[in-house]
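Below is one structure, written out as structure tokens; the observations come after it.
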There are 2 protein chains.
Amino acid sequence: MLDKAVTLLETFRPDGGTYRLTELAERTGLTKTTVFRIAADLVRLGLLERTGDTYRLGGKLFELGSLVPRRQDLREAALPFLQDLFEATRETVHLGVREGHEVVYVERIHGHDVLPLPSRIGGRLPLTCTGVGKALLAFSGAELAEEVLAQPLPSLTPYSITDPARLRTAIEQAQVSGLAYEEQEAALGVSCIAAPVFDGAVAVAALSVAVPRARYRPAQLAPAVRTAALGLSRVLRSGG
Amino acid sequence: MLDKAVTLLETFRPDGGTYRLTELAERTGLTKTTVFRIAADLVRLGLLERTGDTYRLGGKLFELGSLVPRRQDLREAALPFLQDLFEATRETVHLGVREGHEVVYVERIHGHDVLPLPSRIGGRLPLTCTGVGKALLAFSGAELAEEVLAQPLPSLTPYSITDPARLRTAIEQAQVSGLAYEEQEAALGVSCIAAPVFDGAVAVAALSVAVPRARYRPAQLAPAVRTAALGLSRVLRSGG
DNA sequence: AAGTTTGTTCCGTGACACGGAACAGCTCGG
DNA sequence: CCGAGCTGTTCCGTGTCACGGAACAAACTT
């Protein structure tokens, strides 16, 4: 029952999709009757909304999700530094945490020009294809890095690193410099520079700035990213 | 079953609270056994996390909540304008939508100085005590305003408007000027100025800037708030 | 008008959610 | 030292309610 309800909610993965009853039944593998009954319950509870014959995720889910303490506290602490970084660079700024072998984006702010990035708040991407992911990977212990390197490396673009040896040197470079670089590995035409955020000795998050390749000036971005990450790390250490 | 699970999740309302098993049983009114079983299921599904004997909301809830299309689309469209407004004023900026007789905050950005406000992303506050709420109330149809005015007006501070007649004139002023004002009605020492955001003819959201009373200069804030709201309205009308 | 969708209702069966009771591990205080 | 009061956890018999196949009505396409 609970499992089926969550399965149902999780089929809404893609961006802003709205589904019909039979479509949900197919995707979830549940009986049409079961989907009908559970969806009705979920609508009654506010987790799902229904207009006509199409379902979409409901407002209560947003409210509940906003209460998740780990995410919310981090976001609250990070926001001023993300603002600083955005103002200094005027480019798209990310904040992400690690979850397994993926990065979950907690915040993303940008101006009027929106880059065609695969990153979304609450979305997951492979650690190995993103700046934030690489920064996290470089400072989350050797055993995690080995785990990731042992598996086939996913790719989002033709530029995504799929060679473990190349990724290993990239990680080592990040560990030395305290900065992770990414060039068109997550989205074509977009490069990225990221830095880890520490709460004590372990990296709890990473932030990055993503820039259209034409405007990519690492020497100017690096100090800003590093400054923001260090500032946030300091606040986290003192605050909690 | 589903009802009980949602009840369980909803008891986490307060700020970042973590609860223990018996505490959850008391607050929900459910049996300790039932809470134990359902909580275990929720942990297994990632909606709840457990460390030691304390439960807190889980990361999957954050991910699901981030997918809610209504909220996410609005936030994405609004963010650039909120950034503009923040840069112009350097004060705390809000974006909220109406849900029943309450405002739900969709976004809130601020710099390093954090005001002691009751507003939280995903949080609900009475329409009548907040700038965003008043702006929504003024442009959501007369019948809604009458409904709200007919009920006893809640208050967050001693300055919150509890006299229906006073609220009525405030709403009328907002309808004329296109701006809603609020002075210490949501939090002591903080004033606020808000403007509605239209998608066509109906107000779908409102944005506001909250300022410490000492720095409150309405004449300077008003144009910035109005500009941001109009810009966002224009994008919404053309985009969807 | 026949056929194929859709969403919805009905209903008999059986699994499983339920909660009281009993258990185990802990921290008190006498 | 030991019992009283907590905690989280397990067990189990009862009864319910979730389940899905089948039948339905409505809106399409053909």
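This one's a predicted model, so the numbers in the text were calculated from it and none came from an experiment. So that the names make sense, note that chain A is the first sequence line, chain B the second, and so on, each numbered from 1.
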* **B:Ser160 side chain to B:Glu185 backbone, donor-acceptor under 3.5 Å** => yes
Does [X] reach the side chain of [Y], with side-chain heavy atoms less than 4.5 Å apart?
X: B:Val204; Y: B:Phe198; value: no
X: B:Phe12; Y: B:Thr18; value: no
X: B:Ser119; Y: B:Arg108; value: yes

* **Any side-chain donor near an acceptor of the partner, B:His94 and B:Glu107, under 3.5 Å** => no
* Asked: What's the verdict on side chain to side chain contact (heavy atoms under 4.5 Å, CB included) for B:Leu47 and B:Leu57, showing C-alpha distance, side-chain angles and the deciding distance?
  -> CA-CA 6 Å; B:Leu47 301 186; B:Leu57 296 179; over 6 Å; no
* So what does the secondary structure string of DNA chain C come out as, 5' to 3', with Watson-Crick or wobble pairs under 3.5 angstrom, [ ] for crossing and | for pairs with another strand? -> ||.||.|||||||||||||||||.||||||
* **Pairwise distance CD1(A:Ile171) to CD(A:Glu146) - rounded to 0.5 angstrom** => 8.0 Å
* To do: Summarise how protein sits on nucleotides 8-24 of chain D as a single string, 5' to 3': B when a protein heavy atom is under 4.0 Å from the base, S for sugar-phosphate-only contact, - for no contact.
  => BBBB------SBBBB--
